[in-house]
Number of protein chains: 4
Amino acid sequence: MTKNLAKSAISQKRVLDAAARIFRDYGYAGTTMRAIADEADLKAGSIYYHYKSKDDLISAVLDIGIRAVTDNVDKALKALPETATGRERIEAAIRAHLSAIIEVGDYTLATRRALGQVPEPIRARNRYMRDAYGAIWQKILADAHERGEFNTTANLSLARLFILGALNWTVEWFKPGGRPIDDVAREFAAVVLDGLSGNGGAAAAGPSESVRTPTLP
Amino acid sequence: MTKNLAKSAISQKRVLDAAARIFRDYGYAGTTMRAIADEADLKAGSIYYHYKSKDDLISAVLDIGIRAVTDNVDKALKALPETATGRERIEAAIRAHLSAIIEVGDYTLATRRALGQVPEPIRARNRYMRDAYGAIWQKILADAHERGEFNTTANLSLARLFILGALNWTVEWFKPGGRPIDDVAREFAAVVLDGLSGNGGAAAAGPSESVRTPTLP
Amino acid sequence: MTKNLAKSAISQKRVLDAAARIFRDYGYAGTTMRAIADEADLKAGSIYYHYKSKDDLISAVLDIGIRAVTDNVDKALKALPETATGRERIEAAIRAHLSAIIEVGDYTLATRRALGQVPEPIRARNRYMRDAYGAIWQKILADAHERGEFNTTANLSLARLFILGALNWTVEWFKPGGRPIDDVAREFAAVVLDGLSGNGGAAAAGPSESVRTPTLP
Amino acid sequence: MTKNLAKSAISQKRVLDAAARIFRDYGYAGTTMRAIADEADLKAGSIYYHYKSKDDLISAVLDIGIRAVTDNVDKALKALPETATGRERIEAAIRAHLSAIIEVGDYTLATRRALGQVPEPIRARNRYMRDAYGAIWQKILADAHERGEFNTTANLSLARLFILGALNWTVEWFKPGGRPIDDVAREFAAVVLDGLSGNGGAAAAGPSESVRTPTLP
DNA sequence: TATGAATGAGTGTTCATTCAT
DNA sequence: AATGAATGAACACTCATTCAT
């Protein structure tokens, strides 16, 4: 019984992983249940034993994608001492964000690729979770501001959009195996905090090797 | 003759605009020719009188999206005096970028939504155009750096990715009718150049009203 | 008026010829009005000024194909003296058949290609004309038989089927510019009348150069 | 397992038979997958479980049509004793040809009807098989000639075209249930070998009852 | 006479989903 | 738990035909 249950759970995971990979490569509409089944070494009909529908599957994939990032950043922040500075928190959050999207890369990329095509109800559900992640960043910035670490004229809302935009975009160009996550996180924080013309800047000298030509929608 | 020509051109434009709106709302795969036809007040078969295929249509939409931005930024930069500072150039470029994506908002959003699902050959063609836009920014930053306007330790590649990422993202939250483009452009440039903790900062005080809750992939 | 009429007639003929060529190359269902229009240097809609429908067009093409053969064979037989032998009549008919299908080759080939796909009412109408042609051959054979030129045991019905089958098939392999029609007609008659093992035989020695590898349905 | 296999095979055969009948009646282009599905008591989409495409289906039908004839004739010739005369061989081949096209009548007629409209690659593949059948007849005639059974002036190429033409045509008028195949084969051979005016002639006296009015393209 | 533009019925094909086994 | 077979609704696209100009 336990064994069967375990076996079932394994199968379920196999299907989910397969789905993430296929959604990542072909988007939501471009993905067929047959393709997922092939990837999971199953027949199309069998998927329905584990998941009720295609929407059910994409939903699960989407959730994992955002939850991994949220949880990881949450955990990293909690691991920090009370005394940590805003800069340290920002760096830590960026680091956690990056390592999470690497960890569950297939799910993150699947989200990036598929989210735009997913039926609205599912997207709404996912948006809710992602807004919660936005709130985390809002708090990080607000805290730093209160501590007086920011320029008094700084526009926090804009800054948050700015950071999240850039952070979301990393998934497009950041590749594991290039420059260490720590470096990128530090550079990123430096740009955000000190600016390009600023005098502070822990911004590393050389060009990052984990960087590709960017694209623009 | 002239009238017929005009009539044809108008119909064609009507179809293209309709396509942009539908692609924007449903993505590439999620868009049906019937939906476009409905939006254009035509029957599905009639679209084919104006465009050879769905791919032909999305191709046209994609091109307009990026070309509007590229051309507008190009023109704005050329309109600047030789003596313009890097900051001025960056501000001008951001302003031109924002006004272009507002001008052809449907096309830009359609691109954002559909690009990931489009057949590779079409995407490749579009990527080429978008890379050219990346090169424009590369040059803006490199020039400013040479003029000594940037922190010597600044990582230009990362900065470009940062800016383009944030800029690309604006399409998600920036709505016309909110805060004036000029203000947002100035704030944006301030964050980029001076950082949040910087001392410079033309960054306006209040929160931008043209700002919505951000989302994350 | 007369001029306009003439012009119209010319246009009509141009459309008909174009139709024959296209039907010949693509069959009935495989032929589009657009293709015919292109071939006739017209726009698709304009065909309808000359012919009421696609069926109308194929009908006209079909009629010309069979009528040319029937008329030509009829005329050739009538041109023969009363005293002509059965063999002479058979040879003359074969000659007339071959020259007719060469003369209106596009129409004959169009018939061969398209007939099987044409709506039944049209096919029925055409079949009626073709049966009349069969009757001509029936008479030729019956006359020769009565004159005592045939083996008394000869099965005329079967022979007619045999001859018409082989004759119909010529359209598949007989090409103008190869061996002269006269020769082929004589050889044909020889096989029919004398057989392969027979002693008569005007059948020429060498292989006919107008002959290709045959095919079989 | 065995049962499932059988069930699948039966369904597949049902579809194939249905396809042959519909192709026979409406030609290639005139046949819709929906019509085949109806005939096979299935829904259109279900056909694709058994055959990849319409082309796949017509290909299979075409192959069966020619293969049945070739194999049957081949077998009949091999069953003949070494000492069999040319006439015997010709008769045997005709008999085998006729019985084969009766056996798989739908497939043969489908071929006759559809071949001209089928995409070239498929037609080429089938032509290859049909040329092999032509070669069989070439050999029959050449052997008989070498044995001295033919008039020395006989034109073998023309004769082959003649015979194959007439034989191909039989499919148009020969109906099972009429005169026995044996008789028709004997008469046919007689016409070919002895001619209408010849003195030999096993050609039967009465008119064949399995004979219909012929048609001509 | 001829055309540009449009229509609507239909085509082959795909695919999420179901269900008996 | 898994599969083979089937379904039905949809899809992109084609085409004969119409009609105002």
Side-chain angles (χ1 to χ4, degrees), chain A residues 4 7-8 10-12 15 29-37 40-57, chain B residues 1 3-5 7-8 10-12 29-37 40-57, chain C residues 4 7-8 11-12 15 29-37 40-57, chain D residues 1 3-5 7-8 10-12 15 29-37 40-57:
Chain A
N4 276 352
K7 188 182 167 201
S8 177
I10 287 171
S11 274
Q12 190 155 336
V15 170
T31 287
T32 70
M33 295 300 266
R34 243 170 205 68
I36 295 175
D41 218 21
L42 241 64
K43 302 296 168 180
S46 309
I47 293 180
Y48 290 82
Y49 186 84
H50 299 290
Y51 291 90
K52 221 176 60 213
S53 68
K54 189 184 180 184
D55 286 2
D56 218 44
L57 256 177
Chain B
M1 208 56 159
K3 203 169 168 189
N4 276 351
L5 230 63
K7 186 186 171 200
S8 179
I10 286 169
S11 275
Q12 191 154 334
T31 288
T32 72
M33 295 302 267
R34 253 169 200 72
I36 295 176
D41 215 22
L42 237 64
K43 302 298 167 176
S46 308
I47 294 181
Y48 292 83
Y49 186 81
H50 300 289
Y51 291 89
K52 224 173 57 220
S53 66
K54 189 183 180 185
D55 285 5
D56 219 45
L57 255 178
Chain C
N4 275 353
K7 189 184 167 199
S8 177
S11 273
Q12 190 155 337
V15 169
T31 287
T32 70
M33 296 300 266
R34 244 171 204 67
I36 295 176
D41 219 21
L42 240 64
K43 302 297 168 179
S46 310
I47 293 181
Y48 290 82
Y49 185 84
H50 300 290
Y51 291 89
K52 221 175 60 214
S53 67
K54 190 185 179 184
D55 285 4
D56 219 43
L57 255 177
Chain D
M1 208 55 159
K3 205 170 168 188
N4 275 352
L5 231 62
K7 187 188 171 199
S8 178
I10 286 170
S11 276
Q12 191 155 334
V15 170
T31 288
T32 71
M33 296 301 269
R34 269 165 189 77
I36 295 176
D41 215 21
L42 237 66
K43 303 298 168 175
S46 308
I47 294 181
Y48 290 82
Y49 185 81
H50 300 289
Y51 292 90
K52 224 174 58 217
S53 65
K54 188 184 181 184
D55 284 4
D56 219 45
L57 255 179

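Computed over heavy atoms, backbone and side chain alike; hydrogens, waters and symmetry mates excluded. Sequence lines set the chain letters: A, B, ... in the order given, protein chains first and strands last, and positions in each chain run from 1.
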- Task: Determine: side-chain N/O of C:Thr32 to OP1/OP2 of F:dC15, distance under 4.0 Å, yes or no.
- Result: no

- Message: In this structure, how many angstroms lie between the P atom of E:dA2 and the CD atom of C:Gln12, rounded?
- Response: 11 Å

- Note on the structure: Scanning both residues in full, the closest heavy-atom pair of C:Gly30 with D:Ala29 reads N-CB, 4.4 Å

- Item | Value in whole Å for how far the C1' atom of E:dA16 lies from CG of A:Leu57 | 12 Å

- Item | Short side-chain N/O contact to F:dA6 OP1/OP2 from D:His50, under 4.0 Å | yes

- Note on the structure: Rounded to 10°, the angle between the first-five-pair and last-five-pair axes of the helix from E:dA2-F:dT21 to E:dT21-F:dA2 is 20°

- Return the value, rounded to whole Å, for the distance between atom CE of B:Met33 and atom P of E:dT7. 14 Å

- Task: Find the distance C:Tyr51:OH to E:dA2:P and express it as a whole number of Å.
- Result: 13 Å

- Query: Quick one: A:Asp55 CG to E:dC15 P, roughly how many Å, whole number?
  - Reply: 16 Å

- Is any side-chain heavy atom of B:Leu57 less than 4.5 Å from a side-chain heavy atom of B:Met33? yes

Under 3.5 Å, sequence neighbours excluded: what are the donor-acceptor pairs made by side chains of residues 42-53 of chain B?
{"residue": "B:Ser46", "atom": "OG", "partner": "B:Lys43", "partner atom": "O", "Å": "3.4"}
{"residue": "B:Ser53", "atom": "OG", "partner": "B:Asp55", "partner atom": "N", "Å": "3.4"}
{"residue": "B:Ser53", "atom": "OG", "partner": "B:Asp56", "partner atom": "N", "Å": "3.1"}

- Between A:Lys52 and D:Arg34, who's closer to the 5' end of DNA chain E by nearest nucleotide? D:Arg34

- Between F:dT17, E:dG12, F:dA6, which nucleotide gets closest to the side-chain atoms of D:Ser11? F:dA6

- Message: On DNA chain F, does the nearest nucleotide to C:Thr31 precede the nearest nucleotide to B:Ser53 from the 5' side, or the other way round? Give the residue.
- Response: B:Ser53

- Find the distance A:Asp56:CG to E:dA16:C1' and express it as a whole number of Å. 13 Å

- DNA chain E-proximal residues of residues 41-49 of chain C, any heavy atom under 4.0 Å: C:Leu42, C:Lys43, C:Gly45, C:Ser46, C:Tyr49

